[in-house]
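One structure is given here, and the rest of the page talks about it.
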Number of protein chains: 2
Amino acid sequence: MRIGELSRRTSTSRRLLRYYEEQGLIAADRAPNGYREYDERFVDRVLQIRGLLDAGLPTRIIRQILPCLDKPRTIYFPDATPEMLATLRHERDRMTERIRFLTRNRDAIDDYLDAVIAYGGGDGGPDSDVGPRPAALT
Amino acid sequence: MRIGELSRRTSTSRRLLRYYEEQGLIAADRAPNGYREYDERFVDRVLQIRGLLDAGLPTRIIRQILPCLDKPRTIYFPDATPEMLATLRHERDRMTERIRFLTRNRDAIDDYLDAVIAYGGGDGGPDSDVGPRPAALT
DNA sequence: CTTGACCTTCACACATGTGTGAGGGTTCGA
DNA sequence: TCGAACCCTCACACATGTGTGAAGGTCAAG
């Protein structure tokens with residue numbers, strides 16, 4: 001497929017797809033006329049990049065960890081230099097930290113939301129169907 | 001305490017502390033000479049801001065959710081407008097998504113690392129003490 | 001009183017992800 | 001053959017978080 005279709009299928013602007021390529025995250029090959037040509041696998045790949053980007057990782061890091069994330073665990077290990085393994089460990093730990101932090105704060109928001117609907121009776125939002133109020137608060 | 005101490009205690013540059021204030025994330029009061037004056041609570045507060053920032057939330061969102069995250073669940077609910085509750089729900093869901101994504105990818109990295117050390121015997125890094133290799137690979 | 005360590009505001013600078021548009025080719029159907 | 005709908009590269013622009021430094025005020029110790 002060409003860039004327009006990939007763009008549509010990943011909800012990612014053409015501009016960004018070219019940017020990701022420039023950053024070495026994806027490598028499209030070219031049709032004789034110069035157009036980029038992508039195959040199916042790029043859809044998942046781009047989605048994964050978006051996810052990692054959204055999770056706060058910079059392209060520089062994504063470029064390094066992406067090859068290790070191929071779904072069929074390629075038993076053929078690429079050039080895993082010690083520096084790269086160190087980066088991987090470090091990034092893994094950083095992600096674990098992030099997960100902890102996000103979880104803690106997400107739960108705090110959740111608690112707040114629960115408290116608000118228990119207290120004020122909610123606002124008709126999508127969380128209004130949470131079942132019976134705790135006895136102590138009714 | 002003044003900005004220098006808060007900076008040291010939170011490993012955050014003075015510049016950023018002023019920036020967070022400008023963004024409405026913290027509100028220091030001023031000594032007669034114009035110096036910012038912070039109390040203990042700001043240490044945690046700043047650390048929390050850093051965490052949320054690192055987790056990928058922009059200051060604009062942090063400003064909204066921070067008041068809901070005060071540790072002693074202040075049963076006194078601030079001006080929780082419906083728009084704000086909607087933001088909160090949306091952001092909570094977004095965080096849940098991020099957590100899912102980060103977890104998935106973190107685990108993938110972890111698996112890769114495990115596979116590498118099982119395969120190549122590791123590189124002497126901090127994960128080398130993971131115990132016996134899986135029987136099938138030794 | 002001076003020096004040094006603090007503090008203030010202001011402003012320019014930079015990296016990163018992303019938008020936008022100019023200037024110009026290719027392809028395909030009417 | 002024309003127009004629409006693609007594609008290309010290049011480049012400037014913007015928001016956000018962050019660094020850095022100038023020009024100057026405050027304060028305590030020597």
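Small disclaimer: the values here were computed from a predicted structure and weren't measured. In what follows, chains are A, B, ... by sequence order, proteins preceding strands, each numbered from 1.
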Discussion item. The criterion is side-chain contact (heavy atoms from CB on, under 4.5 Å); which residues satisfy it with A/Ser7, sequence neighbours excluded?
Written reply: A/Arg14, A/Leu17
Worksheet, complete the sentence: Between B/Ser13 and A/Tyr38, whichever has its closest DNA chain D nucleotide further toward 5' is A/Tyr38
Response to the item:
The answer to which of B/Leu53 and B/Tyr35 contacts DNA chain D further toward the 5' end, by nearest nucleotide, is B/Leu53
Fill in: Between C1' of D/dA11 and CZ of A/Arg18, the distance in whole Å
14 Å
Worksheet item: Counting N and O atoms only, with roles assigned by atom type, does the side chain of A/Arg2 sit under 3.5 Å from a partner on the main chain of A/Tyr35, one being a donor and the other an acceptor?
Response: no
Practice prompt. Indicate the atoms forming the closest heavy-atom contact of A/Glu21 with A/Arg30, along with that distance.
Written response: OE2-NH2, 3.4 Å
Fill in: Under-4.0 Å side-chain N/O to phosphate OP1/OP2 contact, A/Arg14 with D/dC7
yes
Discussion item. Please determine whether a side-chain nitrogen or oxygen atom of A/Arg36 lies at a distance below 4.0 Å from atom OP1 or OP2 of D/dC7.
Written reply: no
Fill in: From D/dA11, D/dT26, D/dT20, nucleotide with atom closest to B/Arg15 side chain
D/dT20
Fill in: Aromatic A/Phe42 / basic A/Arg45 pairing, under 6.0 angstrom, 45° off normal
no
Worksheet item: Is any NZ, NE, NH1 or NH2 atom of the basic residue among A/Arg18 and A/Glu22 found under 4.0 Å from an Asp or Glu carboxylate oxygen of the other?
Response: no
Fill in: Touch class at under 4.0 angstrom, heavy-atom based, for A/Arg30 against every strand present
sugar-phosphate
Discussion item. List the residues meeting side chain to side chain donor-acceptor pair (under 3.5 Å) with B/Thr87, not counting sequence neighbours, and say none if there are none.
Written reply: none
Worksheet item: When you list every nucleotide of DNA chain C with an atom under 4.0 Å from a heavy atom of chain B, which one comes first 5' to 3', and which comes last?
Response: C/dC6 to C/dA11
